[in-house]
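Read through the structure below, which is laid out as structure tokens, and then see the notes.
Order of the sequence lines sets the chain letters (A, B, ...), proteins ahead of strands, with each chain counted from 1.
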2 protein chains.
Amino acid sequence: MANKEITIKDVAKLAECSPTTVSRVINNSDHPVSQDTAEKVQAAIEKLNFSPNRIAQGLKSDKSNIIGVIVHDICDSYFAQMVKGIEEFISGHEYIVNIYNTSRSVEKELHAVNMLKANRADAIVFAGGALMDKEYEQKMYTIIEQLKSQNTVLLGVTPHPFEIKNINLGNQKAAAMITEYLIEQGHQKIAFVDGPQNLYTSYLRRKGLKESLNKYNLNLNDELIFSGDFSFEGGRKAALELLKKIDEITAVLAANDATALGLIWELNNQGIKVPEDISVVGIDDLPEAKYSYPPLTTVSLPIYQLGTNIGKYLLKSLTNDQSSDLESVEMKLIKRKSVKKII
Amino acid sequence: MANKEITIKDVAKLAECSPTTVSRVINNSDHPVSQDTAEKVQAAIEKLNFSPNRIAQGLKSDKSNIIGVIVHDICDSYFAQMVKGIEEFISGHEYIVNIYNTSRSVEKELHAVNMLKANRADAIVFAGGALMDKEYEQKMYTIIEQLKSQNTVLLGVTPHPFEIKNINLGNQKAAAMITEYLIEQGHQKIAFVDGPQNLYTSYLRRKGLKESLNKYNLNLNDELIFSGDFSFEGGRKAALELLKKIDEITAVLAANDATALGLIWELNNQGIKVPEDISVVGIDDLPEAKYSYPPLTTVSLPIYQLGTNIGKYLLKSLTNDQSSDLESVEMKLIKRKSVKKII
DNA sequence: TAATTAATGGAAAACATTTTCCTAAATAAG
DNA sequence: CTTATTTAGGAAAATGTTTTCCATTAATTA
């Protein structure tokens, strides 16, 4: 920045008044200022193309206007939509959304949290730290310790209660919902293609499946849990494994839609017909889900809307003193063509 | 922030020295400070869990450490990858990446630019403003005027030279590349499914097609340009239109992969075989592209890598005085199964 | 008319840093 | 032994705002 910054003083000089007065018209304060001078100040501001230095304002007010958003993978449709929702609301209200992509590395998560701390972020949305793993959890404590002192909302991060607002993302409920649908359609031999190892989200979805099964006196056979990683590729590989036990299975729940899509693709590729030979369902309702062969039956999590709600919630708790609650979003069973009713 | 902030003064008091000295060890300045006191200061910092207030630092140094990234749609795989690339590099170097999702609205673009200005962003990546539209361009001037004074890189934004670093994203070249491939395979009657109306990117891809055609004394028949919007849905609709002239067409270039995927889907749906009845190609090489029926022939733009390169470039020009050039990335023709060799 | 009160404005302190300048001691050079 | 130089440290100014306090004038009330 070679060129000198234009400050409130320059405006004051041009408008023939004090910086104090300029500040007053900028923030239209309670302290009265005459119509006349106000106009002069406005004119000066326009003429100089002045905009108050947020950094200086921040120093004075002890606010950074930064909202940190920490996610695993911004290219994952799930997080992308969420970030978009948050941004929509936050940027419109003069806040900065500062994203971090952690690729599920604790080190990066810690780094993000430290940066956010150094920058005195006003609030943090933390969608990371979801590994149920001893070593990882140890490190998480350091992170949480930092987060505690801040205005933070955790996104279904961990089973441990941390005295931090932890939003239930409805993972378990979604899995339960679609499982019950499967059972209603007569399926009893249901397989599961898991998400990433030790990821809390995977755990919850698996749990939703298991408990629904139990409710109907059915069991989730451990032999019928196939590993996956939330990706299309992972779904394909799982399909190959699953093929070996195809006779023991009438339906399969994939931990997410990407996996389900991969499953369907490879199943087709191997000459297995969906849903005639096997039913496949997912969770998320990706935009692509309706264009698979056959269109995927799944449950929609309105993540974008959750994002805007989080934005709203954060903003309220930053401006108002008493924080209202986060508006919840409704998930929905999306029946398409990948499930066959049996018997 | 009810709880009082820990400042350099607190550290100084605990370490029994002056704030000046603390500052010196924090920034390990040239000014010497004895081993002994340095250690005391470090100890105090640890004990108080102190991290210097970036806002105050920013005020003093006239740096915000903010890098603004303005994109059309963060959920679009193209931009998501780009943002991820930028973040990867930038966050690792103590910079904040501040994203804006504009949904192609000039008003939002202007808002973003104004916020970035108010926050004294150190650099801006502007991937917006790409509409070739009179009214729009008028407003763009206001935006550009603001951007000019900042360290900005434009991402293939507009045909007009604005004295701002404007990166050629290779849109035209990509289109040319795949067109030539089509011609090599014997295709002469090539249709085009356009991108969003007036979008510069669409224009460039169309131009790449047109000029390659001309090179071989072929013409792009205006009747064979179908409208689209870069989406799967758009591709589907275009397929329906395209069907009416199927006899005049042997191949179709979609403005992007999403469109091509939609095309293929609907073509299949209508009983038209790809590539037997018609060849389809796209541009971008989305992850999904290899899983369509048939797998899509396309050209890959390594957007993620472009992102990291932009990060690198920005960082260099912020730290070093003389700015080195942006490393370019290489696009590649990805031959899969959606093109048939004819004659 | 005198005494309040309201309207308008400014000076200076404060926010958490860094930087410039200064001082004092210790060491090196003459 | 005197004079430079190096080493180590601090006081205070500066960054661009906002806020607290004070001052002046005008308007209202007693």
In this structure, how many angstroms lie between the [atom2] atom of [N] and the [atom1] atom of [X], rounded?
{"X": "Lys13(A)", "N": "dG10(C)", "atom1": "NZ", "atom2": "P", "answer": "14 Å"}
{"X": "Ile6(B)", "N": "dC15(C)", "atom1": "CD1", "atom2": "P", "answer": "16 Å"}
{"X": "Ile26(B)", "N": "dT17(C)", "atom1": "CD1", "atom2": "P", "answer": "7 Å"}
{"X": "Ile55(B)", "N": "dA14(C)", "atom1": "CD1", "atom2": "C1'", "answer": "15 Å"}
{"X": "Asn65(B)", "N": "dT17(C)", "atom1": "CG", "atom2": "P", "answer": "14 Å"}
{"X": "Lys63(A)", "N": "dA14(C)", "atom1": "NZ", "atom2": "P", "answer": "23 Å"}
{"X": "Lys9(B)", "N": "dT18(C)", "atom1": "NZ", "atom2": "C1'", "answer": "13 Å"}

Requested in this report: Using heavy atoms to find the nearest nucleotide of DNA chain C for His31(B) and Leu59(B) separately, return the residue whose nucleotide is more 5′.
Outcome: Leu59(B)
Less than 4.0 angstrom from a charged side-chain N to a carboxylate O is my criterion; do [X] and [Y] meet it?
{"X": "Lys47(B)", "Y": "Asp10(B)", "value": "no"}
{"X": "Asp73(A)", "Y": "Arg104(A)", "value": "no"}
{"X": "Glu88(A)", "Y": "Lys108(B)", "value": "yes"}
{"X": "Arg54(A)", "Y": "Glu94(A)", "value": "yes"}
{"X": "Asp325(A)", "Y": "Lys316(A)", "value": "no"}

Report task. Report which part of the nucleic acid Pro52(A) touches: base, sugar-phosphate, or nothing (heavy-atom distance under 4.0 Å, all strands). Result -> sugar-phosphate
Report task. May I ask you to say what Arg24(A) touches in the nucleic acid, namely base, sugar-phosphate or nothing, with a heavy-atom cut-off under 4.0 Å? Result -> base
Query raised in the report: Does Thr37(B) or Lys60(B) map to a spot on DNA chain D nearer the 5' end, using the closest nucleotide for each?
Result: Thr37(B)
Report summary line: Comparing nearest nucleotides in DNA chain D, the 5'-proximal residue of the pair Pro19(B), Ser61(B) is Pro19(B)
Query raised in the report: Under the 3.5 angstrom rule, does the side chain of Ser64(A) hit a backbone N or O of Arg120(A) as a donor-acceptor pair?
Result: yes
Requested in this report: Ignoring hydrogens and angles, state whether a donor on the side chain of Glu39(A) or Gln35(A) is under 3.5 Å from an acceptor on the partner side chain.
Outcome: yes
Report summary line: Taking dC15(C), dT18(C), dA12(C) as options, the one with an atom nearest any side-chain atom of Thr20(A) is dA12(C)
Query raised in the report: Can you tell me if the side-chain N/O atoms of Ser34(A) get under 4.0 Å from OP1 or OP2 in dA7(C)?
Result: no
Query - Outermost nucleotides of DNA chain D that come under 4.0 Å of a non-hydrogen atom of chain A - result: dG16(D) to dC21(D)
